[in-house]
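Here is how names work: the chains are called A, B, and so on, in the same order as the sequence lines, proteins then strands, and each is numbered from 1. Computed from a predicted structure; not experimentally measured. These numbers come from the heavy atoms of this one structure, side chains and all, not from hydrogens, waters or symmetry mates.
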Protein chains: 2
Amino acid sequence: MSISLGKGRPRKADRGIPDATVARLPVYHRVLVSLSEAGVQTVSSEALAAKCGVSSAKFRKDLSYLGSYGTRGVGYDVSYLTYHISRELGSAQPWGVVIVGVGNLGRALISYRGFTSRGFAIVGLVDNHPDVICESLTATELGNLVALKVRPLVELETIVGATKAQIGVIATPADCAQGVCDRLVSAGIRSILNFAPVVLEVPNGVEVRKVDLAVELQILAFHEQRRG
Amino acid sequence: MSISLGKGRPRKADRGIPDATVARLPVYHRVLVSLSEAGVQTVSSEALAAKCGVSSAKFRKDLSYLGSYGTRGVGYDVSYLTYHISRELGSAQPWGVVIVGVGNLGRALISYRGFTSRGFAIVGLVDNHPDVICESLTATELGNLVALKVRPLVELETIVGATKAQIGVIATPADCAQGVCDRLVSAGIRSILNFAPVVLEVPNGVEVRKVDLAVELQILAFHEQRRG
DNA sequence: TCAACTTTGTGAAGTAGGGAACTAATGCCT
DNA sequence: AGGCATTAGTTCCCTACTTCACAAAGTTGA
């Protein structure tokens with residue numbers, strides 16, 4: 001036992017990272033990467049937390065759920081910490097993403113460079129509109145430019161099966177979102193990111209995250225209204 | 001005093017609606033609107049909460065912060081409740097929104113019908129790329145189709161001043177987001193919705209909400225990894 | 001009019017998250 | 001080598017949110 005020479009004990013309670021912490025880990029990861037690109041090798045919790053927009057206490061407590069990857073009196077080794085956060089997030093292995101709905105939003109996702117740089121590969125594009133089916137779009141998959149053809153909606157299950165995609169993105173209009181969701185689930189997808197403004201019903205074991213652009217604006221408007 | 005015949009006392013503690021509640025009000029509002037369109041006139045907290053994906057107790061507690069708009073033994077009058085939630089959210093008055101960055105994401109926002117149907121009007125489009133400046137795009141402003149020309153970035157302050165926009169949306173690449181943010185703030189904007197993957201620094205009194213598409217995917221990937 | 005039933009609104013208990021302060025480990029300087 | 005300065009990791013407390021359970025209020029039917 002006790003191979004702990006200095007740093008890097010495994011991590012403590014392998015389960016039980018609070019949701020709030022998980023939601024912040026990607027931010028920490030991104031800021032660390034940008035520090036690394038700037039040539040910074042070591043950073044304190046104080047400095048890093050400031051760049052992430054959180055308090056240093058919160059930052060340190062968040063990290064304590066993963067393990068003990070810093071050095072007291074010094075701070076954190078940027079690349080070492082980056083590695084451990086990315087491992088925790090699963091960015092080490094590439095995740096296959098199928099995007100359903102190739103309208104403006106879908107295209108924005110396809111051209112979003114942040115996807116591929118964080119371990120995601122778009123492996124399928126699906127739409128049901130004749131004008132876009134068979135259209136060829138270029139995405140960057142793990143750094144390489146890849147041309148993807150938009151496939152018709154009927155092939156959804158085939159594509160999910162063939163590409164072994166793990167994540168489905170719903171970027172369709174609201175009225176077909178639930179139908180698409182059901183088919184993604186029955187094709188084996190258990191993680192769904194939903195941009196359509198509807199509450200999706202899914203069986204247990206399937207996780208849905210929702211991004212609603214109008215909801216965010218409405219929250220801003222609420223606070224805006226609460227000032228003279 | 002006491003004009004309270006039956007229903008509709010003002011609301012209780014005019015301050016102090018929890019953030020978590022505010023974040024759910026837009027969902028309640030949207031589901032109520034869809035019920036109304038389906039011809040439903042009355043709904044119980046149980047049924048409505050189910051459609052919103054929350055527990056009925058949470059739903060009732062959320063509403064209790066606004067006031068007492070239901071009828072015991074019966075439920076809620078759909079249009080009556082819709083009105084009060086929308087008033088609380090400020091959807092009654094139209095909010096002017098300026099979108100900075102007319103790439104794929106900006107275009108997705110412009111064509112997103114959910115904006116205008118919930119009291120938002122896109123009053124300005126700004127970009128700094130010569131190819132898109134002066135391009136004319138059609139948005140729906142309060143139900144009417146409106147053609148908006150993309151204006152150059154240097155005119156940002158002028159546009160905010162002339163249109164009296166209250167909300168700024170940053171849909172630019174990461175590297176110019178902070179600069180755009182600073183200019184929005186100095187032009188008088190106090191509510192910002194940020195799609196760029198950076199943590200914005202703003203003075204006190206300015207509210208920033210952030211939507212990061214990659215972060216959402218990373219959260220999904222985290223949970224996906226936590227299953228063999 | 002009264003009793004049975006439905007459903008809201010709320011008080012109280014339980015849980016999770018945030019903030020500050022403390023402890024302990026490490027590097028640096030003398 | 002030893003003390004000092006720095007900074008990570010942890011503990012404790014407090015606030016905010018959620019859940020539960022019940023009483024108040026209203027409707028319906030006899």
Tell me if the aromatic rings of B:Y76 and B:Y28 count as close, with their centers under 6.0 Å from one another.
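Here the rings of B:Y28 and B:Y76 have centres that are no less than 6.0 Å from each other.
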How long is the line joining [atom1] of [X] and [atom2] of [N], in whole Å?
{"X": "B:D62", "N": "D:dA16", "atom1": "CG", "atom2": "P", "answer": "16 Å"}
{"X": "A:E46", "N": "D:dA8", "atom1": "CD", "atom2": "P", "answer": "8 Å"}
{"X": "A:L48", "N": "D:dT7", "atom1": "CG", "atom2": "P", "answer": "13 Å"}
{"X": "B:Y69", "N": "C:dT7", "atom1": "OH", "atom2": "P", "answer": "22 Å"}
{"X": "B:L66", "N": "C:dG9", "atom1": "CG", "atom2": "P", "answer": "10 Å"}
{"X": "B:D77", "N": "C:dT7", "atom1": "CG", "atom2": "P", "answer": "16 Å"}
{"X": "B:Y65", "N": "C:dT8", "atom1": "OH", "atom2": "P", "answer": "17 Å"}
{"X": "B:L63", "N": "C:dT7", "atom1": "CG", "atom2": "C1'", "answer": "13 Å"}

- Electrostatic pair B:R60:B:E46 at N-O distance under 4.0 angstrom: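 Here B:R60 does not pair with B:E46 in a salt bridge, since their nearest N and O are not under 4.0 Å apart.
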**Asked** Does the distance from a Lys or Arg side-chain N to an Asp or Glu carboxylate O, for A:E88 and B:R226, drop under 4.0 Å?
**Response**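 Salt bridge between A:E88 and B:R226, a charged N being under 4.0 Å from a carboxylate O: yes.
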Item to complete: May I ask you to check whether over 12 heavy atoms, not counting those of A:K210, lie within 6.0 Å of atom NZ?
Response: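 Above 12, so yes.
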Looking at [X], does any N or O in its side chain come under 4.0 Å of the phosphate oxygens OP1/OP2 on [N]?
{"X": "B:S68", "N": "C:dG9", "result": "yes"}
{"X": "A:S44", "N": "D:dT7", "result": "no"}
{"X": "B:R24", "N": "D:dC17", "result": "no"}
{"X": "B:T71", "N": "D:dG26", "result": "no"}
{"X": "B:Y76", "N": "C:dG9", "result": "yes"}

Dump the pairs, protein N or O against N or O of nucleotides 12-16 of chain C, anything under 3.5 Å, distances to one decimal.
residue: C:dA12; atom: N6; partner: B:K61; partner atom: NZ; Å: 3.2

Residues A:V54, A:R24; criterion side chain to side chain contact (heavy atoms under 4.5 Å, CB included); working and verdict: CA-CA 9 Å; A:V54 302; A:R24 284 187 292 267; 3.9 Å; yes
Residue pair B:W95, A:L220: steps toward the side chain to side chain contact (heavy atoms under 4.5 Å, CB included) verdict
CA-CA 10 Å; B:W95 299 98; A:L220 282 175; over 6 Å; no
- prompt: What nucleic acid atoms does B:S55 come within less than 4.0 Å of, heavy atoms only: base, sugar-phosphate, or nothing?
  reply: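 The answer is sugar-phosphate, as B:S55 gets under 4.0 Å only of primed atoms, P, OP1 or OP2.
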*Chi angles and distances behind the side chain to side chain contact (heavy atoms under 4.5 Å, CB included) call for A:H223, B:R190*: CA-CA 10 Å; A:H223 292 294; B:R190 288 182 300 180; over 6 Å; no
For nucleotides 21-24 of chain D, print each protein N/O atom paired with a nucleotide N/O atom at under 3.5 Å, atom names and distance only.
residue: D:dA24; atom: N3; partner: B:R72; partner atom: NH1; Å: 2.6

Is there a side chain to side chain contact (heavy atoms under 4.5 Å, CB included) between A:L156 and A:V98 once you walk through the steps? CA-CA 9 Å; A:L156 178 57; A:V98 168; 4.3 Å; yes
Item to complete: State which residues pass side-chain contact (heavy atoms from CB on, under 4.5 Å) with B:T172; sequence neighbours excluded, sorted by chain then number.
Response: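 Here the qualifying residues are B:V100, B:I170, B:C176, B:A177, B:V180.
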